[in-house]
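First up is the structure itself, then whatever we jot down about it.
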Amino acid sequence: MSDMKELEQQIQDLRTQIQKSEKLSSLGILSAGIAHEIQNPLNFVINFSQIANDMVDDLTDILDEKGFDLEDEENKELADTIATLRSYLAKIAEHGNRATDIIQGILLYSRGKSDEFIATSIQKLLKEYVWLSFHAMRANLTDFNVTIKEEYDPTIPEVKIIPQDISRAIINLMNNACYAVWKRQQNTDSSYVPTVTVKAYRQGEHLYISVEDNGMGMSDEVKQKLFNAFFTTKPIGEGTGLGLSITRNIIEEKHHGKIVFESEENRYTRFTISIPMNP
Ligand SMILES: Nc1ncnc2c1ncn2[C@@H]1O[C@H](COP(=O)(O)OP(=O)(O)O)[C@@H](O)[C@H]1O
Ligand SMILES: [Mg+2]
């Protein structure tokens, strides 16, 4: 009888998980749509900052024609104002371009078919998704903060991967790492510096990506079960227990790679992914 109850509970849990993952996939479609829509107004911002900059050139020409010498001490205030204006316009363009990069990233990864291998800059992909995860965690966890260290070998060439999937794997590992440092921070003194280190490097024919945190670590029991679907130590609403089983599937089945980990309770956890550079 109690077996029956347990089974019913498991079915109920599965239903909840399916609903959640459906919500997530429609969120993906939605964000691609939003990204697309934001690109248009963003183009205006970038173009007009360029035009405004050209107009500052015109302005200085006119001043020149009228006999204003901007080098002259007497016109210092005017010269300073023009210089400041230029630097602000440069800032608008710079950050506008940065936003464009992010949006193009989202569009690229959401556009790729789910089984398509695309030559991808792993450094770029990591940069984007590491910070995406950081901001998502910061929005969700109260008092969350962490130092993120990024060490990406700049000589890694583009690698053929399924970008949608690898970015998902990165987000899963990052979310777990952020959660682990957050958890440890709740039960520790103030000298603790929560840190997550993400590395990308090459060894032989393989690309390696590691995500290390100095968070709560794992007990032996957790170490044995963590790749099981629905295994979670997190309260309902904070964990689904699917992250690592999905991640292992992405790495080992789809990319013919490997995922391993090392961990010590209350010290650290490090997950390392390796995938062949030429699949
Ligand atoms: N970086 C980590 N530090 C400590 N424990 C971890 C870490 N990553 C995963 N775990 C453990 O593995 C479990 C399963 O992880 P995962 O499959 O991502 O599911 P979820 O995050 O939803 O719980 C977590 O609940 C946690 O106990
Ligand atoms: Mg997880």
Side-chain angles (χ1 to χ4, degrees), residues 9-10 12-25 27-28 126 129-142 144-151 164-188 192-200 208-254 257-274:
Q9 183 56 48
Q10 278 181 359
Q12 190 47 49
D13 286 351
L14 276 169
R15 282 210 185 96
T16 319
Q17 296 313 334
I18 291 169
Q19 278 169 2
K20 261 194 200 139
S21 63
E22 263 171 11
K23 249 193 217 158
L24 278 179
S25 75
L27 200 68
L126 282 172
Y129 283 89
V130 161
W131 289 99
L132 205 67
S133 159
F134 166 75
H135 289 296
M137 294 303 278
R138 207 168 52 171
N140 281 320
L141 300 173
T142 40
F144 170 71
N145 218 333
V146 65
T147 303
I148 293 181
K149 293 185 178 158
E150 296 172 286
E151 294 171 24
Q164 240 189 355
D165 279 351
I166 297 295
S167 51
R168 191 167 183 193
I170 301 307
I171 287 180
N172 286 341
L173 295 181
M174 275 300 295
N175 287 357
N176 285 345
C178 289
Y179 189 91
V181 293
W182 176 75
K183 197 77 194 162
R184 182 169 169 192
Q185 194 167 35
Q186 312 287 300
N187 324 316
T188 198
Y192 174 59
V193 184
T195 310
V196 172
T197 308
V198 187
K199 293 183 187 173
Y208 288 81
I209 299 169
S210 69
V211 177
E212 179 171 338
D213 66 76
N214 64 348
M216 61 181 183
M218 295 185 254
S219 68
D220 287 338
E221 198 212 340
V222 173
K223 284 183 195 174
Q224 281 177 12
K225 297 187 179 160
L226 84 184
F227 286 117
N228 294 353
F230 303 115
F231 173 77
T232 181
T233 56
K234 296 170 190 173
I236 295 175
E238 285 175 27
T240 61
L242 286 172
L244 287 176
S245 77
I246 291 173
T247 303
R248 182 161 73 172
N249 180 266
I250 288 171
I251 301 306
E252 302 197 341
E253 308 300 321
K254 290 188 164 177
K258 210 139 187 61
I259 177 165
V260 296
F261 67 92
E262 259 180 69
S263 179
E264 246 179 81
E265 249 176 309
N266 267 313
R267 290 206 47 201
Y268 78 100
T269 299
R270 179 175 59 244
F271 279 88
T272 308
I273 288 171
S274 64

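Along the sequence shown, residues are numbered consecutively beginning with 1. Every number for a ligand or one of its atoms is a count from 1 in the order of the listing.
Residue contact check: F271 has heavy atoms under 4.0 Å from atoms 8 (N) of ligand 1. The ligand atoms of ligand 1 that sit less than 4.0 angstrom from a heavy atom of V222 are 11 (C), 27 (O). Interface of G239 with ligand 1, defined as ligand atoms under 4.0 Å from a residue heavy atom, comprises 22 (O).
Protein N/O/S atoms found under 2.8 Å from the Mg ion (ligand 2), listed by chain and residue number: N176 OD1.
Residue contacts with ligand 1, taken as heavy atom pairs separated by less than 4.0 Å, do not involve Y179 at all. Both the backbone and the side chain of T233 come within 4.0 Å of ligand 1, counting heavy atoms alone.
Closest to atom 14 (C) of ligand 1 among all protein heavy atoms lies F231 O, 3.4 Å. In this structure, atom 1 (N) of ligand 1 lies nearest to the protein heavy atom D213 OD2, 2.9 Å.
Side-chain contact between Y268 and E212: present, with at least one pair of heavy atoms (C-beta onward) separated by less than 4.5 Å. A heavy-atom distance below 4.5 Å is found between the side chains of Y192 and V181.
Among the atoms of L244, some N or O lies under 3.5 angstrom from an N or O of ligand 1. At a 3.5 angstrom cut-off on N or O pairs, G241 counts as close to ligand 1. For a threshold of 3.5 Å applied to N or O pairs, the pair formed by N176 and ligand 1 contains at least one separation below that value.
Sparse packing is recorded around NZ of K149, with 12 or fewer heavy atoms of other residues, nucleotides or ligands lying under 6.0 Å away.
No donor-acceptor pair under 3.5 Å is formed between the side chain of T188 and the backbone N or O of Q185. Side-chain atoms of N175 never come within 3.5 Å of backbone atoms of M137 as a donor-acceptor pair (strictly under, hydrogens ignored).
In this structure, N172 falls outside the shell of residues with a heavy atom less than 4.0 angstrom from ligand 1.
With sequence neighbours left out, R138 forms a salt bridge (charged side-chain N to carboxylate O under 4.0 Å, His left out) with no residue at all.
The salt bridge (Lys or Arg N to Asp or Glu O under 4.0 Å) contacts involving residues 239-252 comprise E252-K258, where partners must be two or more places apart or lie in separate chains.
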Identify every side-chain donor-acceptor pair in residues 218-230 under 3.5 Å, counting partners at least two apart or on other chains, and give the distances.
{"residue": "S219", "atom": "OG", "partner": "V222", "partner atom": "N", "Å": "3.3"}
{"residue": "E221", "atom": "OE2", "partner": "K225", "partner atom": "NZ", "Å": "2.8"}
{"residue": "K223", "atom": "NZ", "partner": "S263", "partner atom": "O", "Å": "2.9"}

